[in-house]
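Structure first, then comments.
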Amino acid sequence: MRAKNHLEQALVGIVGEMGLEWPTKATVEPPKDKKFGDLACNIAMMLAKDAGRKPRDLAEDIRQKLLKASPDIASVEVAGPGFLNVAYGPDFWRKSAALVLEQGENYGKSDAGQGRRVQVEYVSANPTGPLHIGHGRGAALGDCLARILARTGFEVQTEYYINDAGRQMKLLGASIWARLLEIAGKPSQFPEDGYKGNYIKDLAQDILDNEGPQTADLPSDQGLELCRVRGMNAILDGIKQDLKDFGVEHEIWFSEASLVETGKVQATLDSLKTRGMAYEKDGALWFKSTDLGDDKDRVLVKSSGDLTYLASDIAYHDNKYQRGFDLVVDIWGADHHGYVPRMKAAVEALGRSRDDLEVILVQLVNLLRGGEQIAMSTRAGKFETLADVVKEVGADAARFIFLSRKSDSHLDFDLELVKQKSMDNPVYYVQYAHARIRSVQRKAEEQGISLDEAKSADLSLLDTPEDMDLLKLMDQFPEVLASAAKSLSPHLVSYYLRELAQALHGYYTKHQVLGAGDDGLVRARLLLLEAVAQVLRNGLAALGVSAPDSM
RNA sequence: GCGCCCGUAGCUCAGCUGGAUAGAGCGCCGGACUACGAAUCCGUAGGCCGCAGGUUCGAAUCCUGCCGGGCGCACCA
């Protein structure tokens with residue numbers, strides 16, 4: 001980050017002096033291959049046409065100016081079609097370690113978001129049953145995204161939307177009521193589309209235990225309502241607990257029913273009508289979403305007078321923006337992708353830019369055990385719950401797997417593989433790097449070398465290629481976070497951590513720290529290791545994964 | 001039929017706001033503990049980046065058309 005900023009600034013200055021404009025598409029980034037230096041820039045190729053010169057000639061000019069611009073720049077080479085390959089001197093890189101230690105757990109943070117207010121809404125599963133593994137993926141993603149955004153200068157709030165107003169809730173009540181009557185030995189009819197899981201019977205039993213056997217004699221409308229409310233609350237409590245055990249806590253739990261009851265839905269519908277975005281036809285109220293890129297208009301109020309889910313969802317998003325969010329991020333299961341165009345249309349109809357809503361679609365999780373697929377369906381009551389999976393493999397391992405893939409690719413989650421403490425689950429690889437450093441530090445203290453003492457070490461003793469690799473990687477961390485935030489892609493962070501851990505393990509194998517011989521060198525290396533440990537901690541914290549002192 | 005996502009090494013996947021010989025882990029094969037934790041490290045082999053066109057000085061990356069897989073196309077949520 002320091003290096004990139006430094007070079008970019010220098011180049012912008014030089015380009016300006018030459019009377020040329022800095023193109024937004026110009027890039028300054030680490031090249032694929034280390035032999036091309038620390039940073040490569042394509043500016044000469046971008047500007048060649050405007051300047052009326054050959055890319056390589058232009059690059060040569062810039063090269064000369066760049067060398068004069070800063071003593072930190074050790075070398076500049078013109079390569080290939082006109083790349084500028086820039087290398088910084090060791091002293092420049094050594095400052096990375098000092099900076100990390102100085103900033104501690106704040107290292108990596110930036111103000112890239114400039115205080116924009118962002119809401120991340122995720123999981124939001126209907127409270128009709130326990131969370132399954134697919135919800136876990138959304139939970140990990142949303143939670144991690146919120147952590148990353150908070151570290152990069154956004155003001156973030158997390159939220160869970162409870163669909164407590166619709167048909168599914170009635171169905172839940174009916175399912176429980178039927179089971180309750182069954183247990184009480186009364187005639188009952190289980191609803192055709194009802195929820196068949198065993199937890200429904202447990203809920204029925206709980207209600208009977210708490211309310212007494214006479215509950216089964218209630219008139220059915222009262223019984224249904226009791227079961228609906230009790231069932232929903234019990235399931236919500238379970239969901240909250242499961243999320244908590246997974247390291248996920250939403251700040252706001254927002255009720256759909258509250259929107260309906262307070263007349264917010266009606267108000268939003270009225271405002272759509274006022275804007276000419278809604279019209280009546282066939283006894284129903286329609287949203288004119290075709291005006292805004294949807295392929296057909298959508299019903300808001302059914303001819304029966306009932307609200308559709310879309311109506312309350314539009315009102316919900318209206319409410320979000322009224323709460324002052326600049327950007328709303330919704331994390332949905334990929335099976336809802338068809339819903340995106342109408343929601344984007346809705347946001348526009350509400351008078352916002354459609355870019356003020358970002359929908360992240362999370363592909364389904366393919367749950368396996370030893371290569372064999374495990375079937376999942378909430379309705380049929382056959383599934384492996386999130387709680388079961390977390391219990392079996394641990395929250396850290398599960399989270400890391402979820403966060404190691406971009407969200408729009410399918411994910412194979414093999415319980416047996418995830419449990420293995422090998423590179424099949426890189427979480428252990430990264431955590432081990434941290435634990436290893438901790439172990440060295442413990443040994444150092446046993447030998448009477450304190451960490452505080454090491455902080456005054458002479459960093460110029462760090463001069464091997466492996467030292468430089470670690471220093472350079474640490475310098476990249478703030479930018480990794482910023483770019484993960486910008487592209488809403490937490491997996492960038494887990495890939496980065498794997499790379500840093502790899503460099504650390506390599507360093508560890510090649511260079512003795514405590515056995516370095518020279519006292520000064522021992523301290524310098526201890527300091528380097530503490531800086532690496534700090535970055536590992538900061539990165540893992542951004543993922544919501546622990547950084548253990550020993551394993 | 002229309003729409004969205006995916007198709008990169010034997011397997012699981014990065015890379016996709018175009019850039020220099022396409023990367024990682026696992027697996028295979030071969031090495032490294034009388035040194036701070038071998039949950040580690042080092043090395044070898046392995047690729048018409050689904051196919052065909054197009055744009056460009058330059059395409060895994062952008063555009064078009066096919067092929068294959070997944071998911072959607074309700075006055076359900």
Side-chain angles (χ1 to χ4, degrees), chain A residues 24-25 27 29 31-33 35-36 40 42 45-46 48-49 54-55 79-83 85 126 128 163 165-169 171 193 256 281-286 294-296 298-313 333-341 361 363-364 366 371 401 404-412 414 417 420-433 435-444 446-447 486-487 491-492 494-495 498-499 501-502 504-516 522 525-526 529 550-551:
Chain A
T24 51
K25 290 181 91 177
T27 56
E29 51 195 17
K32 283 186 220 169
D33 196 322
K35 78 179 179 203
F36 294 127
N42 62 355
M45 281 127 76
M46 305 292 309
K49 208 174 254 175
K54 289 183 192 162
F83 288 102
N85 293 332
N126 286 349
T128 54
N163 299 124
R167 200 177 70 91
Q168 300 301 323
M169 284 299 99
L171 195 54
D193 298 329
E256 178 189 4
K281 192 183 103 184
D282 304 333
L285 184 71
W286 295 72
D294 199 3
D295 42 4
K296 58 178 87 161
R298 310 289 173 176
V299 172
L300 295 167
V301 182
K302 304 178 205 172
S303 49
S304 65
D306 292 333
L307 295 168
T308 61
Y309 178 81
L310 178 64
S312 50
D313 219 3
D335 52 343
H336 288 69
H337 66 77
Y339 201 72
V340 176
L361 296 170
Q363 282 293 346
L364 300 177
N366 200 13
I401 290 287
S404 297
R405 301 271 188 282
K406 56 180 186 200
S407 56
D408 51 11
S409 61
H410 293 263
L411 171 65
D412 284 346
D414 192 315
L417 286 182
Q420 276 177 33
K421 296 183 166 53
S422 70
M423 272 301 268
D424 283 322
N425 187 352
V427 70
Y428 298 111
Y429 186 79
V430 177
Q431 288 183 322
Y432 182 47
R436 246 182 162 174
I437 294 174
R438 279 299 198 226
S439 171
V440 173
Q441 291 175 340
R442 283 192 294 270
K443 272 276 190 320
E446 280 169 29
Q447 296 180 15
K486 189 179 171 196
S487 59
H491 73 276
L492 297 178
S494 61
Y495 273 85
R498 192 142 57 167
E499 213 178 323
Q502 186 172 36
L504 183 277
H505 287 307
Y507 188 92
Y508 181 92
T509 307
K510 190 148 184 178
H511 300 293
Q512 276 285 299
V513 175
L514 299 177
V522 170
R525 288 186 174 167
L526 275 173
L529 255 54
S550 64
M551 301 170 64

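As the structure is a prediction and not an experimental result, all values here were calculated from the model. In what follows, every chain begins at residue 1, and chains take the letters A, B, ... in the order their sequences are listed.
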Atom CG of A:L529 and atom P of B:G37 are separated, to the nearest Å, by 12 Å
Nearest to the side chain of A:Y508 - B:U12, B:A20, B:G37? B:G37
Confirm from the modelled atom types if A:N425 and B:A39 form a donor-acceptor pair under 3.5 Å, side chain to base only. no
Base, sugar-phosphate, or nothing: which does A:H491 touch, judged by heavy atoms less than 4.0 Å apart? sugar-phosphate
Please work out if A:D294 contacts a base, only the sugar-phosphate, or nothing of the nucleic acid, heavy-atom cut-off 4.0 Å. nothing
For a quick check of understanding: with a heavy-atom distance under 4.0 Å over all strands, which category does A:H337 fall into, base, sugar-phosphate or nothing? base
Would you tell me if any nitrogen or oxygen in the side chain of A:K406 comes within less than 4.0 Å of OP1 or OP2 on B:C16? no
Test A:E256 against A:S312 for side-chain hydrogen bond (donor to acceptor under 3.5 Å, both in side chains), laying out the working first. CA-CA 7 Å; A:E256 178 189 4; A:S312 50; 2.8 Å; yes
Mate of B:U34 across any strand shown (Watson-Crick or G-U wobble, both atom pairs under 3.5 Å) is none
Across the strands shown, which category fits A:A435 at heavy-atom distances under 4.0 angstrom: base, sugar-phosphate, nothing? base
Please give the distance between the P atoms of B:C26 and B:C41 as a whole number of Å. 8 Å
According to the Watson-Crick and G-U wobble definitions, with both distances under 3.5 Å, which nucleotide is paired to B:A45? none
How long is the straight-line distance from OH of A:Y429 back to CG of A:L504, given to the nearest 0.5 Å? 9.0 Å
Scanning all shown strands, the Watson-Crick or wobble mate of B:C11 with both distances under 3.5 Å is B:G25
Just name whichever nucleotide pairs with B:C51, Watson-Crick or G-U, keeping both distances under 3.5 Å, else none. B:G65
Quick one: label A:T308 by what it contacts on the DNA or RNA (base, sugar-phosphate, nothing), any heavy atom closer than 4.0 Å. sugar-phosphate
Distance-only donor-acceptor test, A:S409 side-chain atoms vs B:C6 base atoms, 3.5 Å: no
Whole-angstrom distance between B:C76 and B:G69, as gauged at atom C1': 27 Å
In whole Å, measure the gap between the P atoms of B:A24 and B:U44 for me. 11 Å
Measure from the side chain of A:Y432, starting at C-beta and using heavy atoms only, and say which of B:A24, B:C36, B:U40 lies closest. B:U40
From the set B:G37, B:A39, B:C76, return the single nucleotide nearest to any side-chain atom of A:R167. B:C76
Tell me which nucleotide among B:U40, B:C36, B:G19 gets nearest to the side chain of A:T509. B:U40
Using atom P in both nucleotides, what's the gap between B:C36 and B:C49 to the nearest angstrom? 46 Å
Whole Å only: how far is the CG atom of A:D335 from the C1' atom of B:C76? 13 Å
B:G10 versus B:C5 - spacing of their P atoms, nearest Å: 27 Å
Just to be sure I understand the rule, does A:A433 reach a base, reach only the sugar-phosphate, or reach nothing, if contact means heavy atoms closer than 4.0 Å? nothing
To the side chain of A:M551, which of B:A77, B:G19, B:A39 is closest? B:A39
Angle class for the A:H491/A:Y495 ring planes (parallel below 30°, perpendicular above 60°, tilted otherwise)? perpendicular
Please confirm whether any donor atom in the side chain of A:H410 sits under 3.5 Å from an acceptor in the base of B:G69, or the reverse. no
Can you tell me which nucleotide in B:A77, B:C75, B:A20 comes closest to the side chain of A:D282? B:C75
The side chain of A:V513 is closest to which nucleotide in this list: B:C41, B:C36, B:A77? B:C36
Starting from C1' on B:A77, measure out to CD on A:Q168 and report it in whole angstrom. 5 Å
What distance, rounded to whole Å, do you find between the two P atoms, one in B:C63 and one in B:G19? 14 Å
With a non-hydrogen cut-off below 4.0 angstrom, is A:Y495 in contact with a base, only sugar-phosphate, or nothing? sugar-phosphate
Nearest-Å distance, CG (A:D412) to C1' (B:C26)? 14 Å
Tell me what A:Q363 touches on the nucleic acid: a base, only sugar-phosphate, or nothing, going by heavy atoms under 4.0 Å. sugar-phosphate
Looking for any heavy atom pair under 4.0 Å, which part of the strands does A:S550 touch: base, sugar-phosphate only, or nothing? base
Could you check which of B:C75, B:C36, B:A20 has an atom nearest any side-chain atom of A:A40? B:A20
For the CG atom of A:L417 and the CG atom of A:N425, what is their distance to the nearest 0.5 Å? 9.5 Å
What nucleic acid atoms does A:N126 come within less than 4.0 Å of, heavy atoms only: base, sugar-phosphate, or nothing? sugar-phosphate
Comparing nearest nucleotides in RNA chain B, the 5'-proximal residue of the pair A:S304, A:K32 is A:K32
Taking the minimum atom-to-atom distance to the side chain of A:D408, which one of B:C6, B:C76, B:A39 wins? B:C6
Between B:U21, B:A35, B:C76, spot the one nearest the side chain of A:Q512, thanks. B:A35
Using a heavy-atom cut-off of under 4.0 Å over every strand shown, decide if A:Q431 touches base, sugar-phosphate, or nothing. nothing
Would you mind reading off the distance between A:L307 atom CG and B:C76 atom P, rounded to a whole angstrom? 11 Å
Can you tell me how far C1' of B:A24 sits from CG of A:L492, to the nearest Å? 15 Å
Taking CG from A:L417 and C1' from B:A39, how many angstroms apart are they, rounded to a whole number? 15 Å
Spacing of the P atoms in B:C62 and B:G18 (rounded, Å): 9 Å
Select base, sugar-phosphate, or nothing to describe what A:D414 touches, counting heavy atoms under 4.0 Å on all strands. nothing
Comparing A:H511 with A:D33, nearest RNA chain B nucleotide closer to 5' gives the residue A:D33
What is the distance from atom NZ of A:K406 to atom CD of A:Q363, rounded to the nearest 0.5 Å? 11.0 Å
Using the purine O4'-C1'-N9-C4 or pyrimidine O4'-C1'-N1-C2 torsion, is B:C16 syn (within 90° of 0) or anti? anti
OP1 or OP2 of B:G25 under 4.0 Å from side-chain N/O of A:S404: no
From NZ of A:K486 across to C1' of B:U17 the rounded distance in Å is 7 Å
Can you tell if the side chain of A:L171 reaches within under 4.5 Å of the side chain of A:D193, non-hydrogen atoms only? yes
P-based separation of B:G50 from B:C6 [nearest Å]: 12 Å
Are A:H336 and the base of B:A77 stacked, counting only ring centres nearer than 5.5 Å and planes tilted under 30°? yes
